[in-house]
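Structure, as structure tokens:
Just so we're on the same page: letters track the sequence lines, and every chain starts at 1. Since we're looking at a predicted model, the values are computed, not measured.
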Amino acid sequence: MTTRMRAQPGERPDIVSGRSRRFMTEGPGFALLMLLPALLVLGFVIGLPMIKAVILSFDTITFRRPAAAGTYGVHNYARLMSDPDAWGAVLRSALYMLGTVAGSVSLALGAALLTHRVIRLRALARLTFLLPWTVPAVVTALVWGVMYDGNFGVINRLLDFVPFVNGQDWLIDRQTALAALIVAQVWNEFPVAYIFFLAGLHSIPEELYEAAKIDRAGAFARFRFITLPQLRYIIAVIVILLMILGFKAFPIIFILTGGGPAGATETLTVLTYNTAFRSLDFSYSATLGILAVLVSIVLVLGYLRVMARADTGKGGAV
Amino acid sequence: MADVAFKGVEKSFGNVTVIHGVDIDIADGELVVFVGPSGCGKSTLLRMLAGLEENTGGEITIGDDVVSGLPPKDRDIAMVFQNYALYPHMTVAENIGFPLRMQGMSAAERRQRVTEAAGLLGLETYLERYPRELSGGQRQRVAVGRAIVRKPRAFLFDEPLSNLDAALRVQMRKEVKLLHRRLGATMIFVTHDQVEAMTLADRIVVLRAGRVEQIGTPDDIYRRPANSFVAGFIGSPPINLIAGTVELRSGSAVLVPEADPALAFPLPPEFDLAPGCRITLGIRPENLILVPAGKGRDLEGIIVFCENSGQESAVTLELGGLQLVASLWGDEPPAIGDRSGLEVRPAHILLFDDSGTRLKRNGET
């Protein structure tokens, strides 16, 4: 049996146990303990596959040469450097990303400007613009697939009424396929930006507009000198968020074209999938995946930087 | 600069009328203060003049132009807002220069005008700072700078000092007054603070519930209020109002208060008063004089409360069922619970009829 002794005056107290108790009660110990279960789950579901992917990218697991498995080296990275398909896919990803960002931001800003001062039917107007977000990407892809159809799609039917414009096989023509996918993606994701912009517009004090009106600013000048500068951090955050979403977009492209026609819409994510599950070259696919992760990290760093600037109040209102 | 006129101006929101046919003439170069309690319509009047609200009736003119229906940019006025309304993403120089930029003025000319305005307001060293880097008083100066840089026909101030602390408010009040003298501009200033109104104005417009109660110089408003509302609203500590009935005692008219019929306040003979009529006597605290108790005083009471602000004490006396406030200047404040006599300075007695309108003394114009 152990007995606990209280430190008597003049006696040295038990320093070690005092420190560890303080670490648990006042220091970060308790917080770490509480976070531990979540950290373990995250490590298991995110960390482990990442490590596995990195290992896989140095391995040689491919159905074309099953016997080569276990041969480690940088051969996949060397192949990536000189693979025109991979860099073509990166370029298409970049185009897709820029197209969806430009489309979503302008559409969302326009919709937010239109609806934030609406008083009658305000809820209906907002719901209309939020609706596409509630539709799963797979459903969006299927609906747009039907609309784009060359023979009976509604888009070509509507174009019949426009003089001098002919209908197209939107998803089959190499010239139009990527743009057609971008439009479907924009329709699906612009409500994310719309919500942010609506909140941003509501946070701009009405007095600024009133002061600008008295200072003789017209409607465009008020947009240029008040609205845009006041929204600049929200715009920056949304642009980077949409860049991340656009860069890793997959379901709409995969369902509508699968990367075709002849690779015209094969972005890095679709190429990664096709390499793994069509060409069955798992190691090279992992290498492409690592490339996608690196690009995403750069984008996330940009996002964090913008957030940090916004947090320090460099764009704060008075 | 220009004169400004409201002619029968009305404002309704749906079925609710908030401004009821207001007529105000403001002369060129005058500093007029709109004052009144919250919800009296003073800010609405100013916003209608600025063009930020539309008047639903009547006419507003600036100079010779009817401006009703014109957008703010075509009215050539400048306005200083309660919360400054500085553009947070622009520097002080850009804020002050913004109206000039909107006029299409060249950058060089703009810079010169901004420097001039900044010099006038002591802002030269802050031109490259952002509003968030300035104190409340400095921000308010920038807002004033943005108003004066354009040389508009009229300046509008919408409670611009209410966000400042007491000491700064006094200083800014002085600065606005000096600025008015220097520029000779037509200025319209809205406030709910009667001290601000009294100290700033050439003329005061007292408003209540969308109607003008009185327009006059600060002295007029204070000494000759049109009615009991104006008398009660202007003055701190507020005027003592005693409702009662006129009676004749020993050939002289006295007021017998409703609150305590045992008391009688002698009334000056310059009023034509019929015995039995109901009136309200108004006497400002500084016109009630505390005198030693006893010695056959008519009015005597117990001191129940004393608010000492250093230079002045507002002493509350209880006389039977009445409580009256007297101002005591400079002297040591009396002790609570003491008895004190009270003398009324008859020349300063104000009387209001049953409807609240002030009764004039015989011979008063």
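Within residues 108-125 of chain B, no residue has a heavy atom under 4.5 Å from a heavy atom of chain A. Against chain B, no residue from residues 181-191 of chain A qualifies, as none has a non-hydrogen atom under 4.5 angstrom away.
A:Glu207 and B:Tyr84 make their closest contact through OE1-N, 4.4 Å (heavy atoms, listed as atom of the first residue, atom of the second, distance).
Using a 4.5 Å cut-off between heavy atoms, A:Arg224 touches chain B through its side chain atoms alone.
Between chain B and the options A:Ala221, A:Ala217, A:Gly218, heavy-atom pairs under 4.5 Å are most frequent for A:Ala217. Annotation: maximal heavy-atom pairing with chain A below 4.5 Å, among B:Gln82, B:Arg75, B:Lys73, occurs at B:Lys73.
B:Leu52 contributes atom CG, which lies 4.0 Å from atom CD1 of A:Ile214 (distance to the nearest 0.5 angstrom). Distance CZ/A:Phe225 to NE2/B:His89: 8.5 Å, rounded to 0.5 Å. With rounding to the nearest 0.5 Å, the separation of CZ in A:Arg216 from CG in B:Asp74 is 7.5 Å.
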Problem set entry | Trace of the side-chain contact (heavy atoms from CB on, under 4.5 Å) decision for B:Met79 with A:Glu210 | CA-CA 9 Å; B:Met79 186 159 165; A:Glu210 291 183 343; 6.0 Å; no

For this session: Would you check, one step at a time, whether the test side-chain contact (heavy atoms from CB on, under 4.5 Å) holds for B:Tyr87 with A:Asp215?
Result: CA-CA 12 Å; B:Tyr87 309 121; A:Asp215 288 343; 2.7 Å; yes

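Within a 6.0 Å sphere centred on NZ of B:Lys177, heavy atoms belonging to other residues, nucleotides or ligands number more than 12. Shown here is B:Phe13, whose CZ atom has more than 12 heavy atoms of other residues, nucleotides or ligands within 6.0 Å. Residue-environment remark: CG (B:Asp64) stays at or below the threshold of 12 foreign heavy atoms within 6.0 Å. Environment of CZ in A:Arg122: crowded, with over 12 heavy atoms of neighbouring residues, nucleotides or ligands closer than 6.0 Å. In this structure, A:Phe30 places its CZ atom where only 12 or fewer heavy-atom neighbours from other residues, nucleotides or ligands lie under 6.0 Å away.
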